[in-house]
Amino acid sequence: MISKRIIPFGLSFGGVVVLDILSKQAILQQLPLHQVRPVIPGFFNLVHIRNRGMAFGIFSSASASWKDLVLLLFPLIAVAGIFWILFRYPKVTSGMALALGAVLGGALGNLLDRLRFQEVVDFLDFYWRGFHWPAFNAADSAITIGVGFLVYYFWREG
C-alpha cells in the first residue's frame with residue numbers, strides 16, 4: 001500500500017524538481033534578463049523575468065518585512081499538508097500521489113529560487129492579441145496541474 005503512494009510520489013516529485021532546475025538553468029544561460037524570444041508568433045514567447053511575489057505577481061510590491069516571511073512559510077505549510085495527505089489520508093491513489101509529488105516538486109523548485117535569488121525565474125509567456133497571461137515556469141505548471149487534480153479528486157470523493 002505504501003509503495004502505491006511513495007513510488008509515484010517520488011517519481012513525480014523528482015521529475016518536477018529536475019525539470020524545473022534544468023529549464024530555469026537553460027533560461028539563465030541562454031536568455032538575458034528581460035529579453036523575449038518568440039516561439040509561436042501571436043501566442044507564445046520565451047522570456048526571462050523575475051517574480052518577487054507569489055503566483056501571478058501577488059505581493060510583488062508588498063513591503064519586504066512580512067512578505068519574505070509569508071513566501072518562506074507558505075511552502076512549509078504546503079509541505080506539511082502534502083505529507084499529511086500522503087501518509088494519513090486513507091484513500092490516496094497512485095494518481096493522487098503523482099499530484100502531491102508535482103505540487104511539492106513545484107513548491108521546492110520555486111523555494112530554491114527564492115533562497116538563491118530572493119525571487120523566482122519565470123520564462124513561459126502565453127498571450128492572445130493584447131492579453132498576456134502572467135509569465136510562469138515549470139514549477140508553477142506542476143503546482144497548478146497537481147492542485148487541479150487534487151481539487152477534482154476531493155470533489156469527486158465528496
Side-chain angles (χ1 to χ4, degrees), residues 4-37 39-40 43-62 64 66-89 92-127 132-154:
K4 181 175 88 171
R5 297 174 186 208
I6 299 302
I7 292 171
F9 174 82
L11 290 172
S12 177
F13 170 75
V16 166
V17 170
V18 168
L19 176 65
D20 188 61
I21 289 171
L22 292 177
S23 62
K24 288 174 180 173
Q25 191 61 40
I27 291 299
L28 291 168
Q29 291 176 350
Q30 300 297 320
L31 197 60
L33 187 61
H34 303 295
Q35 294 296 307
V36 177
R37 184 169 296 152
V39 177
I40 303 173
F43 183 68
F44 174 61
N45 296 325
L46 288 176
V47 298
H48 180 177
I49 65 168
R50 303 293 180 97
N51 180 358
R52 291 190 168 275
M54 292 179 76
F56 313 119
I58 297 170
F59 297 144
S60 59
S61 61
W66 65 271
K67 178 182 76 171
D68 293 339
L69 180 64
V70 169
L71 294 176
L72 291 175
L73 284 178
F74 190 74
L76 297 176
I77 293 167
V79 167
I82 287 167
F83 281 115
W84 185 89
I85 293 170
L86 187 64
F87 293 110
R88 297 287 189 178
Y89 189 73
V92 173
T93 64
S94 295
M96 196 171 173
L98 282 168
L100 291 166
V103 172
L104 185 61
L108 178 62
N110 283 338
L111 180 61
L112 291 173
D113 275 10
R114 289 198 192 289
L115 294 173
R116 186 173 168 194
F117 306 118
Q118 291 75 52
E119 54 195 3
V120 174
V121 175
D122 286 330
F123 56 90
L124 301 170
D125 175 35
F126 286 89
Y127 61 99
H132 275 256
W133 189 257
F136 58 99
N137 57 46
D140 298 333
S141 300
I143 292 168
T144 301
I145 292 167
V147 168
F149 182 83
L150 292 171
V151 166
Y152 170 76
Y153 180 83
F154 285 120

Q. What residue pairs, at least two apart or across chains, pass salt bridge (charged side-chain N to carboxylate O under 4.0 Å, His left out) with a residue in residues 96-106?
A. none
**Q.** For the student: nearest non-hydrogen atoms of G105 and V16, plus distance
**A.** C-CG1, 3.5 Å
Q) With a cut-off of 6.0 Å (strictly less than), are more than 12 heavy atoms of other residues, nucleotides or ligands near CZ of F154? A) yes
Q: Say whether, by atom type as modelled, one donor and one acceptor occur between the side chain of N45 and the main chain of D125 under 3.5 angstrom.
A: no
Q | F126 ring center within less than 6.0 Å of F43 ring center | A | yes
Q) Taking S12 for the side chain and P8 for the main chain, is one N or O donor matched with an acceptor at less than 3.5 Å? A) no
Q. Residues two or more places apart in sequence or in another chain: which of them pass side-chain hydrogen bond (donor to acceptor under 3.5 Å, both in side chains) with D20?
A. K24
(Q) To check you understand the geometry: which heavy-atom pair defines the closest contact between F123 and A138, and what is its length? (A) CZ-N, 4.0 Å
Q | Spacing of CG belonging to N110 relative to CG belonging to L115, to within rounding of 0.5 Å | A | 11.0 Å
Q: Considering non-hydrogen atoms only, spot the tightest contact between G106 and A139 and give its length.
A: O-CB, 3.3 Å
Q | From CG (L150) to CD1 (I145), nearest 0.5 Å | A | 12.0 Å
Q: Check step by step if side-chain contact (heavy atoms from CB on, under 4.5 Å) holds for F44 and L124.
A: CA-CA 8 Å; F44 174 61; L124 301 170; 3.7 Å; yes
Q. Can you name the closest pair of heavy atoms from F136 and S141 and give their distance?
A. CE1-OG, 3.2 Å
(Q) Checking L98 against F149 for the side-chain contact (heavy atoms from CB on, under 4.5 Å) test, could you report, in this order, the C-alpha distance in whole Å, the side-chain angles of both residues, the deciding distance, and whether it holds? (A) CA-CA 9 Å; L98 282 168; F149 182 83; over 6 Å; no
Q | Euclidean distance, I27 CD1 relative to L33 CG, rounded to 0.5 Å | A | 11.5 Å
(Q) According to side-chain contact (heavy atoms from CB on, under 4.5 Å), who are the partners of L76, at least two apart in sequence or on a separate chain? (A) L73
Q: Taking side-chain contact (heavy atoms from CB on, under 4.5 Å) as the test, write out the residues that go with I21, two or more places apart.
A: V17, L112
Q.
Quick check for you: to the nearest 0.5 Å, what is the distance between L46 atom CG and Q35 atom CD?
A. 12.5 Å
Q | Heavy-atom side-chain proximity of V147 to V103 below 4.5 angstrom | A | yes
Q: Taking all heavy atoms of R37 and all of Q30, pick out the closest pair and write down the distance.
A: NH2-O, 3.3 Å
Q.
Quick check: closest heavy atoms across Y127 and I40, and the distance to 0.1 Å?
A. OH-O, 4.0 Å
(Q) Holding to side-chain hydrogen bond (donor to acceptor under 3.5 Å, both in side chains), I want the full list of residues that pass it with R50, two or more places apart in sequence or in another chain. (A) H48, E119
**Q.** With F9 via ring-ring contact (aromatic ring centres under 6.0 Å, His included) - residues at least two apart
**A.** F83
Q: Check step by step if side-chain contact (heavy atoms from CB on, under 4.5 Å) holds for I85 and M96.
A: CA-CA 9 Å; I85 293 170; M96 196 171 173; 3.6 Å; yes
Q: Check the side chains of N51 and D113 for a donor-acceptor pair under 3.5 angstrom, ignoring hydrogens and angles.
A: no
**Q.** I6 and L86: CA distance, side-chain angles, deciding distance, side-chain contact (heavy atoms from CB on, under 4.5 Å) verdict
**A.** CA-CA 8 Å; I6 299 302; L86 187 64; 4.2 Å; yes
